[in-house]
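Numbers for residues simply follow the sequence, beginning at 1.
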Amino acid sequence: MGEEEQGQDGIAVDDPEKKASAASGRLQLPSSSSLREALSSTSSLSLREQHHDEEVELKWAAIERRPTWDRLHTSLPLHASPNADGARPLEPVDVCRLGAADRRELVHTLIADIHKDNLRLLRHQRRRMDRVGVRQPTVEVRWRNLRVQAECQVVDGKPLPTLLNSAISTLSLLTTMLGFNRNQERIHILKDVTGILKPSRMTLLLGPLGCGKTTLLLALAGRLNKNLKVTGEIDYNGVKLQDFVPEKTSAYIGQYDLHVPEMTVRETLDFSARFQGVGSRAEIMKEVIRREKEAGITPDPNIDTYMKAISVEGLERSMQTDYIMKIMGLDICADVLVGDAMRRGISGGEKKRLTTGEMIVGPSKALFMDEISTGFFESCGFKCPERKGSADFLQEVLSKKDQQQYWSHTEEGYNFVTVDQFCDKFKASQSGQNLAAELSKPYDESKGHKNALSFSIYSLSKWDLLKACFARELLLMKRNAFIYISKSIQLGLLAVITGTVFLRTRMGVDRIHANYYMGSLFYALLLLMVNGFPELAMAINRLPVFYKQRDDYFYPAWAYAIPSFILKIPVSLVESIAWTTISYYLIGYTPEASRFFCQLLVLFLIHTVTLSMFRCVASYCQTMVAGSVGGTMAFLATLLFGGFIIPRSFMPNWLKWGFWLSPLSYGEIGLTGNEFLAQRWLEIKISGVALGRRILMDQGLDFSSYFYWISIGALLGFTLLFNVGFAIGLTIKKVPGTSRAIISRNKLTRFDGGDQDNNMENMMPKLQAETVLSPNRTGRMVLPFMPLIISFQDVNYYVDTPAEMREHGYMEKKLQLLHNITGAFQPGVLSALMGVTGAGKTTLLDVLSGRKTGGVIEGDVRIGGYPKIQQTFARISGYCEQTDVHSPQITVGESVAYSAWLRLPPEVDAKARNDFVNEVLETIELNEIRDSLVGIPGVNGLSTEQRKRLTIAVELVSNPSIIFMDEPTSGLDARAAAIVMCAVKNVADTGQTVVCTIHQPSIDIFEAFDELMLMKRGGELIYAGPVGHHSCEVIQYFQAIPGVPRIKDKYNPSTWMLEVTSTSMELQLGVDFAQMYRESSMCKDKDMLVKRLSIPVPGTSDLHFPTQFPQKFREQFKACFWKQCLSYWRTPSYNLVRMVFITVACIFFGVLFWQKGNFNRINDQQGLITILGCMYGTTLFSGINNCQSVMPFVSIERSVVYRERFAGMYSPWAYSFAQVAMEIPYVLVQVVIFMLIAYPMIGYEWTAAKFFWFMYTMLCTLFYFLYLGMMIVSLTPNIQVASILASMFYTLQNLMSGFIVPAPQIPKWWIWLYYISPMSWTLNVFFTTQFGDHDDMMIDVFGETKSVAAFMRDYFGFRRDLLPLAAVALAAFPVLFAVLFGYNISKLNFQRR
């Protein structure tokens, strides 16, 4: 892109869609199937060169006679394909109908060489507009005395979010709300900043870490957090921020790449272009063609077609997408899924460019600057060296540690110049005075364009916004079809199981079997509600992308919420039909068609309500851990007040209103009335009352038949309520992680003491005062290691061709990503692996390091001359991945110490290990933030730059012989990159083998490397040799190729090298750089070297270690347990929340079942069934909450486990046992809370035996639910699939627990499911230990008198003599699930690389 790139913005046009459709009705244009041939055969011609062609003139004259809106959509290709007579008829083309291939061909014709043709295209557009006097809307941004302050909570000690600190913080917040003393202070982020950004200039914002760069950008873009205090003035073209919509006028591109992983690159950009609209392009194009007509000017056909195509609003597929993909280098991965940490997708570099492309595909303004100037600093006595990048110099000249090396006035003594002194010098300089003078003058409104600023929040009409959101939601549902199909199949299977449990041949129309019919109806409702849990995970998973696009004003929350609801209606319909059609006949409900459809309608509405409820919960809870608890709480309230577990008549009078607030109540009323008010239930009388009525009266559901339709109306109302709540939650909730800042009192004191310069200095990476990347061996601690050579010959790598590529014509089954790569990396040599995006740099590193989980690898890889064995290789190698994967709840220092503990050999004692850890932290400049939590990327914790340095430190501390680093400087500023590479250079100088992929390094960093392997797109080598002094070897090699442009003075050699070896340069020169390398002497020398290095040196032996892992199993367990202790203690969102949940649930159950467990108050079978329902509810909900909340917690850690497992840090069993053991104290606390609150409130008997039996049973129950959640996560690829599997377990547990259908009623072919159901053993022990010893107590059971023990044995199948067996079974389930969790962690890997 160049300085003349044009910016565009939105314009309101009176109903353009109607005008466009009207125009389409008046003019039916042929589809441009021949446009590709016309473009490819005549791309170098223009219509102006053939203006004498009479036919062309006639066609253009015909187009110009059409109405304006027709002409906006009509273009004329230069030549069409020949017809049957060999003639080439000229026909106008409707640009709205251009196909995908046509759009790509036109863009390729216009931009064959990205570096040259893009600027040429922009200039052509500008000239066309200038020729008719049409001005492009531009923006001038000014800010004066901008000051931003943050309100921070002041804490003593380390401000870590431990359970204790979080509890104290909550109490502090409550006291603050009550008006008590506020322990808060304000700190400055920006202080009196002034500046101006002019149109058509690109401005580079530089500054050290923590100086406020991001805050300034957010302030200028109008996107600052509302909690920050902002003073000063910001205006666009003289208009204040609050008087227009800056979010639509400007585009802010953040640090984090947030995209929907299931969408392709093309789809992501297409939807972004569709939501952002075309801005003022249509209005500008309309004015241009009007003036061209008046002036008699005929435009270039290609430019005309392109400009008209990008001016059409509302298209699902835009040519602007093809243009952006081309200039951003994303066209090669256009149809590849974006992917994420668990799914293979585009590379990190491509993802970053997609983030940029997603914003610039819209009509926002672009700002440019011609050059970077260092002259101001030269006047202060500092000069940038010749082979030094200006950006690097500007970063370092402000640093106290680095400033002196740039002092140019050697005849004068040097004194450190502070930032404040630089500010004063700038204000006094001519540049500063010019800036002040310019800002003192008001903006010249005559320069402004009426359409430069956006005054409308959204670019599309409400209907178009809704259509676009519908299209995207439908696409995502198709991509996640597996989940919906799995849920439907799951429901079908459960319907078969349920139907054969409640089999009609075993059910009669009598009072006893009526309870089973009632249970089956309740189970149907319960199952459909549990089936909605996966919706919670899916909704939360999409929230980060939604928040980004909401804040960018792509669409409002309601436009996102409506499709999410409406498109799930068919899902609810299919699943309810699947259940009802199978179960209705099998169970034997009333055989009337009308009642079948009435039951189907209720179940359909219940499923719809449930999905809506969980989406609503997701919008307010926002994270998986909080969402799991919130969802379980909503489920608990809905179920307890639903009228089955505790009938309405048994509820306390002051809580009966809760019955009418539960959607489940209306489902119960509708289903039970539909069944038990049928004629077959009314024919039988009991004591003068119809059997159906008696059954409904016993359950507290005795309502008239018209209540069915009241229930239908209520369910529709709940559906509307929850979806409105969902939309409101999406609208009002802020992005999670943007809460109040925390600062320690010590750090606040430094700020207040005016020591901000030194404080900032301590947070900045420091370079050596002498040569920037010179090795510094003195005083460096070196642990013993074995120098090793890695050599590889003819390495090829193949993957299955993605389905999206096959759909676009690529017919090969396998896609080759690496082609015969041969090379070697040697000890003490710092090697660089470079190439454009898609060249296969990361792929090669993954193959060599053994990190690939799929695909086919060919070739020979050797370590020290011996064939590579992955298990031993993992012990002596380190890999710094491109994605920074770390445990979020431990600190920087703890992360590095943990890595050293597990990866250094046991011969290194604890003192030496700690000293080495401290040195690495000091070397990588992490010492100042060693007590900071790592956090979750994009939410909290470390910045991108700090995470990258932590990734490097974690690997360096393992003291590996071979280190692979995948883009270690990506995301780092120039100074941080320099300090990292300085450390890496020092490591290489000790004799370790270091290989780095590197992307666009500075001159200093590039020339710090000794060897270079350069790859071209497609995975082929084009250079493998030395870099040379001042890059002389690389420069000589490529400049020897005829036609390659010579490097300019002071130009970055790495940038020049990538430019002259680009695909466009290959086409221009007509050469294949890979073939030239294969034929070169360098390649032959490299082959000979590799063959020599592939033979073991005499006297050496293959790598061998007596144990698989560096530490013994006991040490592995200790280290993992230590880390888990810290993580759990610092995760209040998981542990504190579940403690709060169990407390609230206990109070809830205690109030609802107040003294229902008191045996003296139980007189009939309903009293016993009610207290069994209480036991069932308390264990089920507490267990489900534990299972649901542990799944996202373990899922977050799983990607960390994959990295650590690849590194050979520990046995998966050590990690698994540590995770399992860490849960024990927290579950014990939960049980104690339950026994202290719920046990006495419900009224259970206070004897030691019964108390401890209850406590033991509760403990085992919570454990097996918890370990079940861990096991399910270890079995599934993501949290959504885990939720589906968990929901199936919950429903089977419900069915086979012995409460809904007692054991004697379960058919023999399903009784085995009862015995392997953990819940059945839980209820057995609960019931028999509490009431099984009352043999002499008689109660009324369905009109006859029985002892309690006899009723329990005959009706439920609970036997006290099986108590020892039940106790053993209860203990066995958590052990089994824990062992399966460990086994799955050790054997399964769902990461796709």
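- A donor-acceptor pair under 3.5 Å is absent between the side-chain atoms of Arg1203 and the main chain of His886, judged by distance alone.
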Worked verdict on Val1201 versus Tyr1210 for side-chain contact (heavy atoms from CB on, under 4.5 Å):
CA-CA 10 Å; Val1201 174; Tyr1210 48 67; 4.0 Å; yes

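- Looking only at atom types and distance, the side chain of Gln1124 has no donor-acceptor partner in the side chain of Ser1127 under 3.5 Å away.
- Residues Ser895 and Lys1123 are not in side-chain contact: their nearest non-hydrogen atoms beyond the backbone lie 4.5 Å or more apart.
- Arg947 places a side-chain N or O within 3.5 Å of a backbone atom of Leu942 that can act as its donor or acceptor partner.
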Evaluation steps, side-chain contact (heavy atoms from CB on, under 4.5 Å), between Val984 and Cys996:
CA-CA 9 Å; Val984 171; Cys996 301; 4.3 Å; yes

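- Contact detail for Ala1218 and Phe1121: the closest heavy-atom pair is CB-N, 3.6 Å.
- Among Thr951, Thr842, Thr883, the single residue meeting the side chain to side chain donor-acceptor pair (under 3.5 Å) criterion with Asp966 is Thr842.
- A heavy-atom distance below 4.5 Å is not found between the side chains of Tyr1215 and Gln1116.
- A donor-acceptor pair is defined here as one N or O able to donate and one able to accept, closer than 3.5 Å; no such pair exists between the side chain of Asp551 and the backbone of Arg223.
- For the pair Lys734 and Tyr547, the minimum side-chain heavy-atom distance is 4.5 Å or more.
- Using modelled atom types, no side-chain atom of Lys948 and backbone atom of Asp884 make a donor-acceptor pair closer than 3.5 Å.
- Put simply, the side chain of Leu228 does not reach to within 4.5 Å of the side chain of Gln149, judged on heavy atoms.
- Under the rule for a salt bridge (Lys or Arg N to Asp or Glu O under 4.0 Å), the partners of Lys1118 that lie at least two apart in sequence or sit in another chain are Glu1115.
- The side-chain heavy atoms of Met834 and Pro1001, taken from C-beta on, include a pair separated by under 4.5 Å.
- Each of Val994, Ile924, Asn986 was checked for a side chain to side chain contact (heavy atoms under 4.5 Å, CB included) with Leu956, and the lone residue meeting it is Ile924.
- No side-chain heavy atom of Phe916 sits under 4.5 Å from any side-chain heavy atom of Asn914.
- Residues Val148 and His188 form no side-chain contact, since every pair of their non-hydrogen atoms from C-beta on lies 4.5 Å or further apart.
- Each of Leu933, Leu950, Asp931, Val954 was evaluated against Val892; a single residue qualifies, Leu950, per the side chain to side chain contact (heavy atoms under 4.5 Å, CB included) test.
- Separation of atoms CZ (Phe964) and OH (Tyr879) is listed at 8.5 Å; rounding is to 0.5 Å.
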What do the steps show when you test Glu894 against Arg1130 for salt bridge (charged side-chain N to carboxylate O under 4.0 Å, His left out), and what is the final call?
CA-CA 13 Å; Glu894 290 160 355; Arg1130 294 170 185 160; 2.6 Å; yes

